[in-house]
Amino acid sequence: GEEAVTIDAALAGARDILAEELCLSADLRARLRKVFRKEAMLSTALRSERKGDAGRHKSLVGYTAAVNQVQPLKFLAVRRAEKDRILVTTIEPPDESIMPLLHKSASTEEHPHAGFLRAAIEDGYRRILKPLFQAELRTELKRRADAAAMDTFERNLRHRLLGPVGGNRRTLGLRPDVMQGHRWSAVDEEGLPTGSGTLPHEGTAGREACVTELAEVVTTYDVDVIAVGTGGGRAEAVSLAEEAVKKQDRDIDVTVVSDGGTHTLEAQGKLEVKGRPEIPAECRGAYSLARRFQDPLAELVSIEPKALALGPHLHEVHQGRLRQLLDETVASCVAHVGVDPNTAGVDLLARVPGFDRASATAFHLWQTEHGALLHKAALAAVPGIGTNVAEQAVGFLQLKGAEDPRDRTQLHPEQYGVVDKMAERAGCDVATLFADATMRQKVRLPELESEGIRMPLLKYVLYQVTAGHLDDRPRF
């Protein structure tokens, strides 16, 4: 037969039911949530199995702070220590603030079963509400920390992408490595590889041998500038480069560029560029240094964002959102600077508004067979592009080698008629309007506005005529 139900078992079942019912109170949840957010404390402790060894997370052991005062980046560091199974983290509110709320919600003092009801709600709090609010706070802390880390990343990335450019100069990238020998890679004016290799190890071959070989590399590839990475051994590499250029009969610049992400590139293996010397895996970092000196915007977009060393704890933030932020920031920088599709790589062109990776690849395949795009109006006819992509993209493109000066700016072909009207009012042709500032001064925007052209558009077009063909980023 069925087992007899004891009184204690019946009361326990009733208490469980009451606990769940009492914890459904929206008012109680709101009050408890407010206490958790205002008074809960985040604390860390070393896992027992670590036996006192916290490693690189030593500074986080015993960390305690109110959850509303935890620094976002500190929380990301704590999460990393948790993932590494170094620390255990707790979020606890003060019982003296929680218990009165629970008891008041369960019953009044005069209720004949007050003790039973309060025990039930305390049990429900421990099993249901406390874990819920702890999880909510962790989620909120993570969201806040992600936002802070990505805000730092965005500022640094924008500064890097719009930072100094070297332009079309023959460049030698020099990747410092005092343990095995500095690695180098030379590129031509278009950023294409011309050669790469490794200098002798200074400690073994001697300094003079390193200087001599580097000087020979500079002479062989007719280098205009040496771009040294910022990694360990930078001072030694800069000193070596400065001695090597003294052996030349012309001025050669030596500068330093950030090496963030070079380790990631080297881990991807060798790089093959059609019709060019193969770049060994160990020299890909040097190759990237040379290209990012010429144009950081064009080079850095091909590197995993968390590898760029542009902010702390980027490995801990939401990687999908980080990639989205990279795309948005690059698109913003592209809109500011403009892109020449004839020289941009697929990674950069894919981030021009209107393009995606498929259409960018299609354009490069077409370009390989047919050569450079000569007119913006011809973009829509490229197989794989079409009218929709072209209409969105042409306003962000600059054809540096185009015959029509309007194609060298970020003007949309639909705006070319406004340029024609300006040239007509100035009494000159379009080419002269672009070249002669005195002719542009003859343009009276209010007169053109009276013809139905809006003033913001007129000012934008005149700006593009004046400086739209220029790159306003600073120079090295």
Side-chain angles (χ1 to χ4, degrees), residues 19 23 28-103 121-157 260 263-264 304-325:
C23 288
L28 175 62
R29 288 189 176 215
R31 292 174 182 272
L32 291 176
R33 185 175 284 110
K34 184 176 180 181
V35 171
F36 266 79
R37 288 179 174 173
K38 185 177 180 180
E39 301 182 35
M41 302 293 291
L42 173 74
S43 302
T44 66
L46 188 65
R47 285 181 173 272
S48 58
E49 62 266 25
R50 297 299 301 183
K51 298 180 180 180
D53 180 19
R56 62 192 180 98
H57 301 297
K58 182 179 179 180
S59 63
L60 297 175
V61 177
Y63 172 75
T64 301
V67 290
N68 60 359
Q69 296 179 357
V70 175
Q71 295 299 314
L73 299 183
K74 174 75 78 172
F75 182 71
L76 290 178
V78 168
R79 274 179 55 89
R80 167 50 59 185
E82 282 188 294
K83 285 186 177 181
D84 291 345
R85 300 192 65 78
I86 303 296
L87 299 181
V88 60
T89 305
T90 58
I91 295 179
E92 295 288 342
D95 285 344
E96 58 269 23
S97 298
I98 294 294
M99 291 305 163
L101 292 177
L102 295 176
H103 294 166
I121 200 169
E122 287 180 17
D123 175 61
Y125 165 73
R126 285 191 295 270
R127 290 189 296 108
I128 302 172
L129 295 182
K130 186 176 181 181
L132 172 66
F133 295 138
Q134 288 173 329
E136 283 185 2
L137 283 179
R138 284 181 176 275
T139 300
E140 190 173 322
L141 286 170
K142 178 63 165 57
R143 179 191 55 76
R144 197 169 68 205
D146 278 5
M150 287 191 282
D151 182 61
T152 300
F153 171 78
E154 181 184 14
R155 290 198 309 272
N156 292 340
L157 178 62
H263 287 291
T264 300
E304 189 70 20
K306 63 184 179 183
L308 291 175
L310 295 178
H313 308 296
L314 291 179
H315 288 73
E316 299 304 310
V317 305
H318 190 286
Q319 294 303 302
R321 177 65 185 120
L322 190 65
R323 171 60 66 179
Q324 180 184 358
L325 183 62

Check your understanding: Can you name the closest pair of heavy atoms from A54 and I86 and give their distance?
Key -> O-CG2, 3.7 Å
Review point. Shortest non-hydrogen contact from L28 to I121?
Key: CD2-CD1, 3.7 Å
Hey, can you pull the donor-acceptor pairs under 3.5 Å for the side chains in residues 74-81, sequence neighbours left out?
unit_1 : atom_1 : unit_2 : atom_2 : d
R80    : NE     : E316   : OE2    : 2.5
R80    : NH1    : D84    : OD1    : 3.2
R80    : NH2    : E316   : OE2    : 2.3

Study note, to complete from the structure: In terms of heavy-atom contacts, L141 and V67 come closest through CD2-O, 3.5 Å
Review point. Hey, is the main chain of T90 close enough, under 3.5 Å, to the side chain of E92 for a donor-acceptor pair?
Key: no
Check your understanding: With no hydrogens and no angle check, is any side-chain donor or acceptor of T264 less than 3.5 Å from a backbone partner on A307?
Key -> no
Exercise for review: Grab the two heavy atoms, one from A309 and one from G260, that are nearest each other, plus how far apart they are.
Suggested key: CB-CA, 4.4 Å
Check your understanding: Does CD belonging to Q324 count more than 12 external heavy atoms closer than 6.0 Å?
Key -> yes
Exercise for review: List the steps, then state whether side chain to side chain contact (heavy atoms under 4.5 Å, CB included) holds for F36 with E136.
Suggested key: CA-CA 10 Å; F36 266 79; E136 283 185 2; over 6 Å; no
Exercise for review: Mind checking side chain to side chain contact (heavy atoms under 4.5 Å, CB included) for A45 and listing every partner two or more places apart, or none if nothing turns up?
Suggested key: V88
Revision key, fill the gap. Side chain to side chain donor-acceptor pair (under 3.5 Å) filter on R127, not counting sequence neighbours, yields D123
Check your understanding: For the side chain of R50 and the backbone of D53, is there at least one donor-acceptor N/O pair under 3.5 Å apart?
Key -> yes
Revision key, fill the gap. Separation between CD (E122) and CG (D95), nearest 0.5 Å, reads 9.0 Å
Review point. Who are the side chain to side chain donor-acceptor pair (under 3.5 Å) partners of R143, not counting sequence neighbours?
Key: none
Check your understanding: Could you give the distance from CE (M41) to OG1 (T64), rounded to the nearest 0.5 Å?
Key -> 6.0 Å
Check your understanding: Looking at CD1 of I91 and CZ of R138, how far apart are the two atoms once the value is rounded to the nearest 0.5 Å?
Key -> 5.0 Å
Check your understanding: Would a 4.5 Å heavy-atom cut-off, applied to side chains only, mark R47 and L87 as touching?
Key -> no
Review point. Of the non-hydrogen atoms in T152 and G311, which two are nearest, and what is the gap between them?
Key: CG2-CA, 4.4 Å
Exercise for review: Scan residues 37-58 for pairs that pass ring-ring contact (aromatic ring centres under 6.0 Å, His included), counting only residues two or more places apart or in two chains.
Suggested key: none
Practice item. Indicate the atoms forming the closest heavy-atom contact of L46 with G52, along with that distance. Key: CD2-CA, 3.4 Å
Exercise for review: Evaluate the side chain to side chain contact (heavy atoms under 4.5 Å, CB included) criterion for residues L102 and L32: first the C-alpha distance (whole Å), next the side-chain angles of each, then the deciding distance (0.1 Å), finally the verdict.
Suggested key: CA-CA 9 Å; L102 295 176; L32 291 176; 4.0 Å; yes
Point to revise | Pairwise side-chain contact, V70 with Y63, heavy-atom cut-off 4.5 Å (strictly under) | key: yes
Review point. When rounded to the nearest 0.5 angstrom, what distance separates CG in D146 from CG in L314?
Key: 10.0 Å
Practice item. Could you list all the salt bridge (Lys or Arg N to Asp or Glu O under 4.0 Å) pairs where at least one residue sits in residues 34-43, not counting sequence neighbours? Key: R37-E140
Check your understanding: Roughly how far, to the nearest 0.5 Å, is the CZ atom of R144 from the CG atom of L73?
Key -> 11.0 Å
Check your understanding: Which of these, P100, P93, P94, sits in a side chain to side chain contact (heavy atoms under 4.5 Å, CB included) with S97?
Key -> P94
Check your understanding: Should we count NZ of K58 as having more than 12 external heavy atoms under 6.0 Å?
Key -> no
Exercise for review: To the nearest 0.5 Å, tell me how far H318 NE2 sits from L325 CG.
Suggested key: 12.5 Å
